[in-house]
Amino acid sequence: MLYRGCRILLTLSAGTRWAPRVWPQLRGVCMASTRASPAVFRWEEEHYEDGMKWKFLEHRGPYFAPPYEPLPDDVSFYYDGKPVKLSPGAEEVATFYGKMLDHEYTTKEAFQKNFFADWREQMTNEERKLIKHLHKCEFSEIHKYFFEKNEARKALPKEEKQKLKEETNKIQEEYGYCILDGHREKIGNFKIEPPGLFRGRGDHPKMGMLKLRIMPEDVIINCSKESKVPDPPPGHKWKEVRCDNTVTWLASWTENIQSSIKYIMLNPSSKLKGEKDWQKYETARRLKGVVSDIRAQYRVDWKSREMKKRQRAVALYFIDKLALRAGNEKEEGETADTVGCCSLRVEHIQLYPELDGQQYVVEFDFLGKDSIRYYNKVPVEKEVFKNLKLFMENKNPEDDLFDRLNTSILNKHLQDLMDGLTAKVFRTYNASITLQNQLKELTNGEDNVAAKILSYNRANRAVALLCNHQRAPPKTFEKSMQNLQTKIDAKEQQLKEAKKELKSAKAEHKARKSEKSKKEMEKKKKQVARIEEQLMKLKLQATDKEENKQIALGTSKLNYLDPRITVAWCKKYGVPIEKIYNKTQREKFAWAIDMTSENFEF
DNA sequence: GTAGGGACTTGGTTCAACATTA
DNA sequence: TAATGTTGAACCAAGTCCCTAC
């Protein structure tokens, strides 16, 4: 077994390029390949005790949001038609609302109500006495001011923009990296979230509430004892400086909306995150080995005498077959009303003994994570159908479907079936195995690269569909589809003409049989072939786009698909990895790109 | 078993940068 | 060169799962 922290020393031999960046526990698997890397890394012999994530951690602390800049005098807020100069605190909150005026949020009652209540808390006594109704408030000048400011920024001359960019880069350089066990690692989110109005998704009861400004006094710093503790901004102090090497965060604070903790953590390209990711897929691969036993077991459990067991078995069947999320309980009234498998309610499913020629159909209709609708009609086994009927007996629509089950019970059971198994592993496993199977099915080795990429995207799409990863169709979708069609039409016309020219060149050659006429004919032939290829590329592009309209591929690519499947596929079929993974994705999956051969099997 | 806190992953939207077209 | 379309990165909300205290 490979282990953390074994020594790796890479040297360059003549003829090789830079050695690959290698993580300790990947030793032996990845030595074969090389890839461009800015440096040769040497990992010292490190022994990490149980639960220890690092030995040395040093960083600059978080980057704070810029302070509030008051509005210029010629920009006014109006109440009941009269201009009112607000106190800085109240004015800042007013600008949060004013900026959002053209957003749908501000039309929602809950948003308005929450905003107004929190805004009034920031007002002075006099302001509170005066400003009593939101509908008498006029933010349009504020809105206009920020809109124009934004436009002006966009219209800045090149040099000015360049200057701004350099400043951003400087901040990134200074705050965006840390030193972890001797290596400079990129931080994911080094900026503290600026104050604003909370934008909860779906029907969130807290939307519009004021997200307070975070001060250094709210922030806990985590770094090692031997490191230089980051300086708080002048005149300020940290809430606490601690040294906890059993966690991976560099800084944290508690936000005021849900009083949950927010963290500053490393970028996915870091060793720490990469190792965890790799581990995740290894767990999913272990599930592959036992999944048939587990499936056999839950089928048996459908007939158990214990109601609890039956519910557990049916829920697990859904999680396995439909890739549903676990479905933790949520505090009522604190968040949008969304559910996952274990928290499904009677009202979320409909049973049809027969539907559209199929038997035992279950219709799911509920809001899942991020209030994304899950709608699906699924034929199920007779036993499942009977059980569901039983679970629903004598219940109200708003009652829990699985009243004897929760995620903790389910996960405890799964832990007994396989070490490290939890509900979400099924999603990872089913997503990855689907990709692998679809790629096998859809890829044609004879195809050109463009067609292979379409096949890949189709396989990716099958996974996104399984996981219900949706997106709002892009605003420009119809138009860009039209543009593409125009291009296709033009290309077809071009092809028609080229074919005509070829035909006459052929006739010409038949008549003359000269070297020159032959050359001319060959030239036309090549031209036709070229245009045909271009046309096919465009058509593939159009198909791809159409099929992608409402489906988001990114989430599965980033979180569910074992990158080694993709890397192996690229190698096997000669598709450059850059065609599938962009720069960020290649950085995140560097471990997989390094270690995977074309023979990899998930 | 259950409530609540804590750490970490997953997720869609928005914004900015880049590429292409008019 | 400006306008427009496309892609990638940033953002931060919303999940999962684990642990502890009762």
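Per chain, numbering begins at 1; letters A, B, ... match sequence-line order. Note that this is a predicted model, so its numbers are computed, not measured.
With sequence neighbours left out, the side-chain hydrogen bond (donor to acceptor under 3.5 Å, both in side chains) criterion links A:Arg285 to A:Glu282. Residues satisfying the salt bridge (charged side-chain N to carboxylate O under 4.0 Å, His left out) criterion with A:Asp399, sequence neighbours excluded, are absent altogether. For A:Phe190, the ring-ring contact (aromatic ring centres under 6.0 Å, His included) criterion is met by no residue, not counting sequence neighbours. For the side-chain hydrogen bond (donor to acceptor under 3.5 Å, both in side chains) test, no residue two or more places apart in sequence or in another chain qualifies with A:Arg471. Here A:Arg242 pairs with A:Glu240 under the salt bridge (charged side-chain N to carboxylate O under 4.0 Å, His left out) rule; sequence neighbours left out. A:Asp218 pairs by the salt bridge (charged side-chain N to carboxylate O under 4.0 Å, His left out) definition with nothing, not counting sequence neighbours. Contacts of A:Lys395 classified as salt bridge (charged side-chain N to carboxylate O under 4.0 Å, His left out), with partners at least two apart in sequence or in another chain: A:Asp403.
A:Asp400 has its CG atom 17 Å from the P atom of B:dG1, to the nearest Å. Atom NZ in A:Lys206 sits about 13 Å away from atom C1' in C:dA13, given to the nearest Å. Straight-line distance from the CG atom of A:Asp403 to the C1' atom of B:dG1: 15 Å, rounded to whole Å. If you measure from atom OH of A:Tyr63 to atom C1' of C:dC11, you get 16 Å, rounded to the nearest angstrom. As a whole-Å value, the separation of A:Met209 CE from C:dC12 C1' is 16 Å. A:Asn328 places its CG atom 14 Å from the P atom of B:dG11, with the value rounded to the nearest Å. For A:Asp337 and C:dA13, the CG to P distance is 20 Å, given to the nearest whole Å. One can place NE2 of A:His204 at 9 Å from P of C:dG15, the figure rounded to the nearest angstrom.
In this structure, A:Phe115 and A:Phe139 have perpendicular ring planes: the angle between them is above 60°, well past the 30° mark. The aromatic rings of A:Tyr63 and A:Tyr175 lie perpendicular to each other, with more than 60° between the two planes, well past the 30° mark.
Counting non-hydrogen atoms under 4.0 angstrom, A:Gly554 reaches nothing in the nucleic acid.
Between A:Tyr581 and A:Phe589, the ring centre distance stays below 6.0 Å. Aromatic ring centres of A:His204 and A:Phe198 lie closer together than 6.0 Å.
Counting heavy atoms from C-beta on, the side chains of A:Thr428 and A:Tyr281 come closer than 4.5 Å.
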For nucleotides 3-7 of chain C, print each protein N/O atom paired with a nucleotide N/O atom at under 3.5 Å, atom names and distance only.
from, atom 1, to, atom 2, distance (Å)
C:dG5, OP1, A:Lys479, NZ, 2.5
C:dT6, OP1, A:Lys545, NZ, 3.4
C:dT6, OP2, A:Ser480, OG, 3.4

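Listed by residue number, the members of residues 249-263 of chain A with any heavy atom below 4.0 angstrom from DNA chain C are A:Gln258, A:Lys262. Using a 4.0 Å cut-off on heavy atoms, the residues of residues 407-429 of chain A that approach DNA chain C are A:Asn411, A:Thr422, A:Ala423, A:Lys424, listed by number.
Nearest nucleotide to the side chain of A:Asn559, out of C:dC12, B:dG11, B:dA7: B:dG11.
With no hydrogens or angles considered, a side-chain donor-acceptor pair links A:Ser260 and A:Glu255 at under 3.5 Å.
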Do nucleotides 12-19 of chain B as a string where each nucleotide becomes B, S or -: B if the base has a protein heavy atom under 4.0 Å, S if just the sugar-phosphate does, - if no protein is that close.
SSS-S-S-
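Remark: A:Lys191 is not in phosphate contact with C:dC12, judged by side-chain N or O atoms under 4.0 Å from OP1 or OP2.
Pairs passing the salt bridge (Lys or Arg N to Asp or Glu O under 4.0 Å) check and including a residue from residues 313-327 of chain A, sequence neighbours excluded, read A:Arg295-A:Asp320.
Along DNA chain C, the nucleotide nearest A:Asn267 and the nucleotide nearest A:Glu329 are compared for position; the residue whose nucleotide lies closer to the 5' end is A:Asn267.
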